[in-house]
There are 2 protein chains.
Amino acid sequence: MRNATNPMLKRLSALVSLTDGEIELLEGLTFEMRKVTAGEWLWHEGDSADSLLVISEGWGCSARYLSDGSRQLFATYLPGDILGIFELLSGIRRNDVSMLTDGRVCEYSYSSIFTLLNASNSVRSALFVIANQHQAMLAERLVSVARRNARESLAHFLCECRARLLEFLPDDVDGFQLPLSQQDLADALGMSTVHISRTFSALACQGLVRRQHFHIVILDPQRLAEMADFDDHYLNCDKRILTINKPISLPEPVATEWLASLKQDSKSRPSAEGDEPTASS
Amino acid sequence: MRNATNPMLKRLSALVSLTDGEIELLEGLTFEMRKVTAGEWLWHEGDSADSLLVISEGWGCSARYLSDGSRQLFATYLPGDILGIFELLSGIRRNDVSMLTDGRVCEYSYSSIFTLLNASNSVRSALFVIANQHQAMLAERLVSVARRNARESLAHFLCECRARLLEFLPDDVDGFQLPLSQQDLADALGMSTVHISRTFSALACQGLVRRQHFHIVILDPQRLAEMADFDDHYLNCDKRILTINKPISLPEPVATEWLASLKQDSKSRPSAEGDEPTASS
DNA sequence: CGTGATATTGATTCCACTCAATATGAGTGG
DNA sequence: CCACTCATATTGAGTGGAATCAATATCACG
């Protein structure tokens, strides 16, 4: 298994069960892996979009830069995360994305992704699920900013980071690198850097976390989650469900004539990819 | 034309160009239209999900209810909006959705939607675009709550409502029913009801809006948009793009008469605002 | 006309911001 | 190895925007 060499395959196979055919398809995907450095822009809002990106190493983030010079951070991206899903259709990047650390990213051209999407239900589902997770995290951030106080907000963010990292980190090393400066955290949580600092101190005082530099140790995950009202279901519930349900795949006696007629239609399509809905499998 | 009788077709055809086959397919969809009343729950977080809902009349909203009794409003749903897209795959409702006003909703079973999705690229694209728009609105809300002060925040929300309604409202009647109580607005914008009231007064003082009861008149849309740093591209850019690029969808000879008839139809829509809001008419 | 939901207004409080000074740490070059 | 610098973080003092509390006021509706 050379999953390790193809980040897309690695990520998707963790989300949905793939048929051998789909695995082959994914393995056959061409992609370009390149090194990126901290602070480097991956793209800007308004850029034309023609590729999907998978972070293979390092952290990235998406943000909005406001006219008053401030910044709102929307999402953080960890190794394995797939960026640019929503832009598949519009062809235009929706916000600025940059690297927080050095790392490596893999680029897959949209044309190859389209082929893949047309050929595989599971891949479509997986990408949809990922989009779903990002939406859920965004909603969670909104709740933090709007309804939680500084300590709850920061605690929640830390819990989320830990949960996301948990499947990658070896065993229970209760500590991880969080490559966000206090400025970054402030921009994510809608606070000032000063107050991030104070809030960290407060959490430390309560014996909840320890932090030095960019290294975080969560001393009492249980209590931290409680104070943050953190529930990780929004991060992984879909995954559980998916492996059980076999989602979008045709559960029906489909209107086969329709499919046939549509297939004909699709012949006139310019970017003649594989073909239509693949009732395969 | 019975577009009006099938809200799904109506909405999707406004987003992407559909082939005759797809239109027929959509027309053939079975759905159940039912009346709903203000305050009625459409579903709760955790409910199992097996249907897509299209709002045909009235306003709805999705929200999270926190353990401390407070509430965060995530989204408002207007006539034409499609709910439950993200739940297609997980089969579980992600948050609570209720009606803000009396209205009517159409229910489409997932099984029929799955058939449709498998048969049509365009429909897949359209639903994806809709999901995209909701994500964009959520992000915008986050920016409001995190970065904008009360006046900007409220102004932005009003601009957004106006923009969303604009395509439904007959020409430039610069006023509309906004069936959100100040409590609802507070829950949406992360403020207190008291401050919503004061902020409305402030905006009124500046000659930007007038408001009585649930009726809003935006006196100076231009200036209001400026103060809110409002840019409507996130609401409709995808639409524009889609008709140009026709990414995933089949680039067919567009049924222009269809679109035309739909436009007309929406203009002559009865009860464009006549009875609609008023919490419980 | 009374009742309950909704909205306004004033007084007070507080959480988090801003400003400003200092500290720590990493990286660089002498 | 030290001095310098730049980015990052800490701490204190003062301020302010919005929350809270509380007392009316207005409106819809039966």
Side-chain angles (χ1 to χ4, degrees), chain A residues 37-39 66 68-73 98-102 144-157 177-205 209-216 227, chain B residues 37-39 66 68-73 98 100-102 144-157 177-205 209-216 227 275-281:
Chain A
T37 60
L66 304 183
D68 67 351
S70 72
R71 175 176 80 143
Q72 179 59 38
L73 219 138
S98 62
M99 291 301 292
L100 290 164
T101 70
D102 293 349
S144 267
V145 172
R147 300 286 151 199
R148 301 195 242 258
N149 64 28
R151 253 178 314 160
E152 295 166 341
S153 206
L154 181 55
H156 192 280
F157 186 82
Q177 293 294 119
L178 182 73
L180 304 201
S181 68
Q182 297 196 348
Q183 181 64 62
D184 297 326
L185 287 167
D187 290 346
L189 301 176
M191 305 169 49
S192 69
T193 61
V194 174
H195 208 54
I196 291 281
S197 175
R198 288 192 222 275
T199 306
F200 257 127
S201 304
L203 291 180
C205 267
V209 305
R210 247 183 33 213
R211 180 189 52 92
Q212 44 202 357
H213 214 205
F214 288 94
H215 189 79
I216 301 280
M227 93 160 306
Chain B
T37 61
L66 303 183
D68 67 351
S70 71
R71 174 177 82 144
Q72 179 59 38
L73 220 138
S98 61
L100 291 164
T101 69
D102 293 350
S144 265
V145 173
R147 301 285 151 199
R148 303 194 242 260
N149 63 28
R151 252 178 314 161
E152 295 165 342
S153 206
L154 180 55
H156 191 280
F157 186 83
Q177 293 295 119
L178 182 74
L180 303 201
S181 70
Q182 297 196 348
Q183 181 65 61
D184 297 326
L185 287 167
D187 290 346
L189 301 176
M191 306 169 45
S192 68
T193 61
V194 174
H195 209 54
I196 291 281
S197 175
R198 288 193 224 272
T199 307
F200 258 128
S201 303
L203 290 181
C205 268
V209 305
R210 247 185 33 213
R211 180 189 51 90
Q212 44 203 355
H213 213 207
F214 288 93
H215 189 80
I216 301 280
M227 92 160 305
D275 48 282
E276 209 189 284
T278 57
S280 55
S281 62

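Within every chain, numbering begins at 1; the chains are lettered A, B, ... in the order of the sequence lines, protein sequences first and strands thereafter. The structure presented is a predicted model; accordingly, all values stated were derived computationally and were not measured.
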Hits for side chain to side chain donor-acceptor pair (under 3.5 Å) against S98(B), two or more places apart or cross-chain, chain-then-number order -> none
Annotated protein contacts, base or backbone, on nucleotides 4-16 of chain D with a non-hydrogen cut-off under 4.0 Å, one of B, S, - each: -----SBBBB---
Gap between atom CG of L66(B) and atom CZ of R148(A) - 0.5 Å precision: 7.0 Å
Less than 3.5 Å apart, which donor and acceptor atoms pair up between the side chains of residues 191-205 of chain A and the rest of the protein, not counting sequence neighbours?
unit_1	atom_1	unit_2	atom_2	d
S192(A)	OG	H195(A)	N	3.2
T199(A)	OG1	H195(A)	O	2.5
S201(A)	OG	S197(A)	O	3.1

In short, G190(B) meets A146(A) closest at the heavy-atom pair CA-CB, 4.0 Å
Could you tell me which non-hydrogen atom of L180(B) sits nearest to which non-hydrogen atom of F157(B), and how far apart they are? CD1-CZ, 3.7 Å
Does any pair with a residue in residues 177-186 of chain A pass side-chain hydrogen bond (donor to acceptor under 3.5 Å, both in side chains), and if so which ones, sequence neighbours excluded? R71(A)-D184(A), Q177(A)-H215(A), S181(A)-D184(A), Q183(A)-D187(A)
What's the shortest heavy-atom distance between A186(A) and R147(B), and which atoms? O-NH2, 3.1 Å
Specify the separation, in whole Å, of atom CD of Q177(B) and atom C1' of dA28(D). 14 Å
Angle by which the axis turns from one end of the helix from dC1(C)-dG30(D) to dG30(C)-dC1(D) to the other, five pairs per end, to 10 degrees: 40°
Is atom CZ of R211(A) surrounded by more than 12 heavy atoms (other residues, nucleotides or ligands) closer than 6.0 Å? yes
Below 4.0 angstrom, which residues in residues 144-152 of chain A have at least one non-hydrogen atom near DNA chain D? none
Between A155(A) and M227(A), what is the shortest heavy-atom contact and its length? CB-CG, 3.9 Å
Closest contact, heavy atoms only, T37(B) versus D102(B): CA-OD1, 3.1 Å
